[in-house]
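The block underneath contains the structure these notes are about, expressed in structure tokens.
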Amino acid sequence: GIIALSQATEAQRVERACAWLREQGFEIQVALEPSKHFGSTAFLFSSDSIARRVKALHSLYKDKKVDAIMTVRGAYGSIELLEAIRFAGL
């Protein structure tokens, strides 16, 4: 699974990374469209609201088809998710 837990990123970067992973034989599931809010200040320095990012992360963890989760960006915005993640349910 691919997700932007922190900042959004450029669409071309996400597309290039997904294309490379597919070439390596991986099936890709992208959560929350990591580039949707790129360049926007709608969520300050984050790709989406805390609630939507946590919900998407929980969905990826619970999806039996997802063997790994990769983040397109990780930084300041990731730390604000810690209090909302339900670790016991993962």
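Keep in mind that what you see is a predicted model, and the values were worked out from it rather than measured.
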Taking all heavy atoms of R86 and all of K62, pick out the closest pair and write down the distance.
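What the structure gives for the nearest pair is NH2-NZ, 3.3 Å.
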Are side-chain heavy atoms of R13 and V72 found at a separation under 4.5 Å?
no
Using a cut-off of 6.0 Å, state whether more than 12 heavy atoms not belonging to E27 lie near its atom CD.
no
Which residues share a side chain to side chain contact (heavy atoms under 4.5 Å, CB included) with A84, sequence neighbours left out:
I50, V54
For S78, enumerate each residue passing the side chain to side chain contact (heavy atoms under 4.5 Å, CB included) test, keeping only those at least two apart in sequence or located in another chain.
L5, S6
Check T71, L60, L21, V66 against I2 for a side chain to side chain contact (heavy atoms under 4.5 Å, CB included) and give me the one that passes.
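Option passing the side chain to side chain contact (heavy atoms under 4.5 Å, CB included) with I2: L21.
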Once you round to the nearest 0.5 Å, how far does CG of L32 lie from CZ of R53?
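One finds 9.0 Å between CG of L32 and CZ of R53.
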